[in-house]
Amino acid sequence: MTDHSNDRSRRRFLKGTAAGLAALPVAGLSLSAPRFAQADDELERLSEDDPAAEAVAYVHDAADADDPAYEEGQICANCSLYTDEGGDWGRCSVFPGKLVAAEGWCNVWVPAS
Ligand code: SF4
């Protein structure tokens with residue numbers, strides 16, 4: 001990976017994180033510890049219509065990504081912000097209290113190191 005792609009990923013991460021955090025009050029989410037402590041079977045799946053999801057162009061299926069930042073092969077499951085819980089859905093640090101699809105994508109995608 002080149003320094004330029006690292007810079008692009010870093011910029012996308014910072015931009016998407018800022019957009020996601022800005023959308024949190026709209027989505028009614030909080031960063032309180034109890035949300036992080038929820039078991040996966042208690043977590044809601046993130047809706048593509050959620051304002052926080054729309055802010056970062058999130059889709060459940062990366063093949064449906066319609067964002068210029070998308071590059072083939074990028075999916076939530078290979079994003080460093082994704083926590084694999086062993087199923088088709090996992091946690092994402094951008095969306096605390098929600099699950100994202102392993103095959104999903106958003107423009108905050110950061111390569112796993
Ligand atoms: S895990 Fe998915 S939704 Fe979360 S930042 Fe990465 S690409 Fe976006």
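Numbers here simply count residues along the sequence, with the first being 1. Atoms within each ligand, like the ligands themselves, are counted from 1 in listed order.
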Item to complete: Verify side-chain contact (heavy atoms from CB on, under 4.5 Å) between Val100 and Lys98, making sure each step is shown before the conclusion.
Response: CA-CA 7 Å; Val100 298; Lys98 304 276 184 172; 5.7 Å; no

Practice problem: Keeping the roles fixed (side chain from Glu48, backbone from Ala53), state whether a donor-acceptor pair exists under 3.5 Å. | Solution: no

Sorted by chain and number, protein N/O/S atoms nearer to atom 8 (Fe) of ligand 1 than 2.8 Å are Cys106 SG

Would you tell me whether Asp64 and Trp105 have side-chain atoms, one donor and one acceptor, within less than 3.5 Å of each other? no

In terms of heavy-atom contacts, Ala62 and Ile75 come closest through CB-CG2, 3.8 Å

Could you go through the side-chain contact (heavy atoms from CB on, under 4.5 Å) check for Leu43 and Trp89 one step at a time?
CA-CA 10 Å; Leu43 297 178; Trp89 296 77; over 6 Å; no

Heavy-atom closest pair (Trp109 atom, Asn78 atom, distance to 0.1 Å) is NE1-OD1, 2.8 Å

